[in-house]
Amino acid sequence: MNPLSPKILTSAEAGQKLVFTNGCFDILHRGHVTYMAFARAQGDALCVGLNTDASVRRAKGPNRPINSEDDRAFVLGSLRAVDYVVLFDADEPKELIAQILPHVLVKGRDWAHYVSGREVVEANGGKVVLADMVEGRSTTGTIERVVAVYGPKPAQP
């Protein structure tokens, strides 16, 4: 399709099903990429709410994030499954979700006990979908492996 041709859509095309998910996505790994592909498969476009550096520090501690919000946004936005990235500075994305009003809200099954924004999505006819986690894949595990291999070396005599 010519990118300069008129953007004429059918009503079905115009009514895309928007999917939203959120997180820190500090050191991207297979679990994240699998999660994004799953989320994107729930609709027609995937918007990822990305925690700012300040909100990651509040949630994860002073040593995080490892990668800056600009770098994390660039990498996420480069994934085939991700259509949009929106930074947010709040401790949870409830207000952002209320502004975007996605049709589907995806969160990892490890958050089944509390999905921020669930009420607003369901009140507007949307649904919440929980994604399975990829066993053995986590940012914390990745950091632990890097420290184990490249951490401080004992002083040489």
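These figures come from a predicted structure and were not determined experimentally. All heavy atoms count here, side chains included; hydrogens, waters and symmetry mates do not.
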Q: Not counting sequence neighbours, which residues clear ring-ring contact (aromatic ring centres under 6.0 Å, His included) with Phe20? List them please.
A: none

Q: Kindly state each residue pair satisfying ring-ring contact (aromatic ring centres under 6.0 Å, His included) with at least one member in residues 81-108, sequence neighbours excluded.
A: none

Q | In one Ile/Leu/Val/Met/Phe/Trp/Tyr side-chain cluster, 4.5 Å: Leu18, Val121 | A | yes

**Q.** Tyr35 and Val134, any side-chain heavy atoms less than 4.5 Å apart
**A.** no

Q: State which residues pass side-chain hydrogen bond (donor to acceptor under 3.5 Å, both in side chains) with Thr142; sequence neighbours excluded, sorted by chain then number.
A: Arg145

Q: Please name all residues satisfying side-chain hydrogen bond (donor to acceptor under 3.5 Å, both in side chains) with Glu122, sequence neighbours left out, ordered by chain then number.
A: Arg118

Q) Looking at residues at least two apart in the chain, or sitting in another chain, which of them share a salt bridge (charged side-chain N to carboxylate O under 4.0 Å, His left out) with Arg109? A) Asp132

(Q) Through direct or indirect side-chain contacts below 4.5 angstrom among Ile, Leu, Val, Met, Phe, Trp and Tyr, which residues connect to Val149? (A) Val146, Tyr150

**Q.** Set of side-chain hydrogen bond (donor to acceptor under 3.5 Å, both in side chains) partners for Asp110, sequence neighbours left out
**A.** none

Q. Would you say the side chain of Leu50 lies within less than 4.5 Å of the side chain of Leu76, judging by non-hydrogen atoms?
A. yes

Q: State, yes or no, whether a side-chain contact exists between Val128 and Lys107 at a heavy-atom distance under 4.5 Å.
A: no

Q. Under the 3.5 angstrom rule, does the side chain of Lys17 hit a backbone N or O of Pro102 as a donor-acceptor pair?
A. no

Q | Hydrophobic cluster identity match, Val86 and Val120, side-chain contacts under 4.5 Å | A | yes

**Q.** salt bridge (charged side-chain N to carboxylate O under 4.0 Å, His left out): pairs with one or both residues in residues 68-79, sequence neighbours excluded
**A.** Asp53-Arg72

Q. Would you say Val85 and Val104 are hydrophobically clustered, going by side-chain heavy atoms of ILVMFWY under 4.5 Å?
A. yes

Q. Quick one: CG on Asn22 to SG on Cys47, what's the gap to the nearest 0.5 Å?
A. 10.0 Å

List, one per line, each side-chain donor-acceptor pair under 3.5 Å for residues 91-101, sequence neighbours excluded.
from  : atom 1 : to     : atom 2 : distance (Å)
Asp91 : OD1    : Arg58  : NE     : 2.6
Asp91 : OD1    : Arg58  : NH2    : 3.1
Glu92 : OE1    : Tyr114 : OH     : 2.5
Glu92 : OE1    : Ser116 : OG     : 2.8
Glu92 : OE2    : Tyr114 : OH     : 3.4

Q: Determine which pairs satisfy salt bridge (charged side-chain N to carboxylate O under 4.0 Å, His left out) with at least one residue from residues 27-43, sequence neighbours left out, and list them in order.
A: Arg40-Asp83

Q.
Taking side-chain hydrogen bond (donor to acceptor under 3.5 Å, both in side chains) as the definition, give me every residue that meets it alongside Asn67, ordered by chain and number, with sequence neighbours left out.
A. none

Q) Would Phe38 end up clustered with Val82 when hydrophobic side chains under 4.5 Å apart are linked, directly or stepwise? A) yes

Q: Without swapping roles, check the side chain of Thr34 against the backbone of Gly31 for a donor-acceptor pair under 3.5 Å.
A: no

Q) Looking at residues at least two apart in the chain, or sitting in another chain, which of them share a side chain to side chain contact (heavy atoms under 4.5 Å, CB included) with Ile66? A) Asp26, Ile27, Arg64, Ile143

Q) Between Leu105 and Thr21, is any pair of side-chain heavy atoms under 4.5 Å apart? A) no

Q. So do Leu87 and Asn51 actually touch side chain to side chain, heavy atoms under 4.5 Å?
A. no

